[in-house]
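Counting convention: from 1, in listed order, for ligands and their atoms alike. Heavy-atom basis, side chains included; hydrogens, waters and symmetry copies ignored.
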Amino acid sequence: MFDLLEELALARRQNGLSQEALASRVTVDRQAIYRLETGVGSFALLLRVMAALEYHVTGLARGMTLADQLENRRRALKLSKAEVARRADIMVNTVSAVEKGKGSAASALKVLAAIGTSRMARKKPMQVMMSPLRIGEKDKRFTPVALLTALEAVFGPISLDPCGHVESPVVAERRILLSEDGDGLRDDWSGKFCYMNPPFSGATAWLKRASEMHAKGAVDVVVGLVPAKTDSVYFQTDIVPNCDVGFLRGRIQYGSATGAEVDKRNRAPFATMLIAWGASRQEIEHLRSLYPSVWMMHERARPREGVREDALVVSEFG
Ligand SMILES: C[S@@+](CC[C@H](N)C(=O)[O-])C[C@H]1O[C@@H](n2cnc3c(N)ncnc32)[C@H](O)[C@@H]1O
């Protein structure tokens, strides 16, 4: 049976979004998304979330939004609002509110249950437009083996991959997997060396998460592989002063699920960079010697010299 809330949470995960990331997309706090997924919240928020996830119900009635569809479905069935109210066990003016996109999500769900069809399903416009091959590829931009080998030579075994994939060549003591209901943006991070190659569409949320986890001491060193989006405010104001940044030479060829070194058909369409939190200068120099890259190193804090106000004075190229 079609369960709209269950489908909504699934749609979020399939978009690679944690509750927090979705919350920031629709500008509410995470708690509001959590509550909505358990059926508590306004219908207006439910409609915003559906729009943000490009989530549309098919097999119900025509309409841009679920509110329009509910009204059109009632009209198609030639039912009065009073009859729908009776069937849904709610007040007549609650039915009117729902048809205007108001009231509670719970009321909208009651109306849906009362007049829905057995053909209801979720339409995913983005995915309909993509071939199945393209959908799979998005999730399989695996780290190339040569980069993993270099990272392990410098930092030792990977303790944590917070955005793992069962088919990826990344070997980590612990992996957080969406397929096991994990969420690297929500679950605790732990270990000495964390390596992340997050979904590129939401890279900033992952950079923030890595900064937080490193700052609170959950992980000693984090290295992230992300698109070289050097114009973003977060990159310029938070990453550059606090992290070492390595620009990779050439376009990266992703790793493969088959065990081959790289997947020759799967090449990044943009430049990529490594970002390191908590690495020593020697480690970065070692990594640079092993993997073709140009590094911009942040100035190390000088212990006991007081607060440095010049943290933005960066850099060493080469
Ligand atoms: C670019 S792939 C990297 C896979 C693997 N870590 C690697 O480097 O080969 C990004 C992975 O992050 C996973 N992912 C997306 N959102 C996630 C989340 N919130 N928590 C955990 N994993 C997530 C996706 O399933 C996808 O496989």
Side-chain angles (χ1 to χ4, degrees), residues 8-25 30 33-34 37 52-53 126-127 130 133-152 155 157-191 193-210 212-213 218-219 222-229 248 251-263 265-276 291:
L8 193 73
L10 190 65
R12 171 176 64 70
R13 289 184 176 282
Q14 287 172 342
N15 274 275
L17 294 172
S18 64
Q19 290 179 334
E20 193 146 23
L22 176 59
S24 78
R25 202 176 267 194
R30 190 192 72 80
I33 300 296
Y34 167 78
E37 288 184 359
L53 295 174
M126 287 304 288
Q127 298 201 1
M130 281 185 195
L133 184 69
R134 290 269 309 134
I135 299 163
E137 276 172 10
K138 269 188 93 180
D139 239 20
K140 293 185 181 177
R141 288 171 171 158
F142 296 149
T143 308
V145 172
L147 176 56
L148 291 171
T149 308
L151 289 167
E152 285 166 349
F155 300 106
I158 298 172
S159 327
L160 172 71
D161 178 352
C163 41
H165 191 289
V166 281
E167 292 173 27
S168 155
V170 174
V171 177
E173 284 154 24
R174 178 180 161 222
R175 288 189 301 188
I176 301 180
L177 297 168
L178 274 183
S179 56
E180 290 179 358
D181 220 28
D183 182 346
L185 292 170
R186 176 203 64 198
D187 300 348
D188 280 341
W189 290 20
S190 57
F193 171 39
C194 167
Y195 168 68
M196 68 169 190
N197 165 18
F200 287 163
S201 54
T204 304
W206 288 89
L207 295 179
K208 289 183 179 167
R209 180 78 177 158
E212 276 165 27
M213 291 296 111
V219 279
V222 183
V223 175
L225 172 68
V226 290
K229 274 199 184 166
L248 301 189
R251 294 286 157 96
I252 201 164
Q253 273 192 321
Y254 295 110
S256 117
T258 62
E261 286 274 310
V262 290
D263 176 353
R265 293 159 314 157
N266 201 353
R267 196 187 185 94
F270 36 66
T272 42
M273 61 187 173
L274 292 174
I275 298 189
Y291 203 81

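- Annotation: Asp183 places an N or O atom under 3.5 Å from an N or O atom of ligand 1; distance criterion only.
- Arg174 meets the side chain to side chain donor-acceptor pair (under 3.5 Å) test with Ser190; sequence neighbours excluded.
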Step-by-step side-chain contact (heavy atoms from CB on, under 4.5 Å) determination, Val223 to Phe155: CA-CA 10 Å; Val223 175; Phe155 300 106; 3.8 Å; yes
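- For the side-chain contact (heavy atoms from CB on, under 4.5 Å) criterion with Met196, the lone passing option out of Thr143, Leu225, Leu207 is Leu207.
- Interface of Val170 with ligand 1, defined as ligand atoms under 4.0 Å from a residue heavy atom, comprises 7 (C), 8 (O), 9 (O).
- Residues passing the salt bridge (Lys or Arg N to Asp or Glu O under 4.0 Å) test with Arg12, sequence neighbours excluded: Glu37.
- Heavy atoms of Ala21 stay at 4.0 angstrom or farther from ligand 1.
- Heavy-atom contacts of Thr143 reach the following atoms of ligand 1: 7 (C), 8 (O), 9 (O) (cutoff under 4.0 Å).
- Considering backbone and side-chain atoms alike, Ser168 places an N or O below 3.5 Å from some N or O of ligand 1.
- For ligand 1, one of its N or O atoms has an N or O atom of Gly184 under 3.5 Å away.
- By heavy-atom distance, the residue among Gly202, Ala205, Cys163, Pro198 lying nearest atom 22 (N) of ligand 1 is Cys163.
- For Pro199, the closest heavy-atom approach to ligand 1 falls below 4.0 Å.
- Taking the six-membered ring for Trp and thresholds of 30 and 60 degrees, Phe200 and Tyr254 have ring planes inclined between 30 and 60 degrees apart.
- The closest heavy-atom contact to atom 6 (N) of ligand 1, among the options Asn197, Asp161, Leu148, comes from Asp161.
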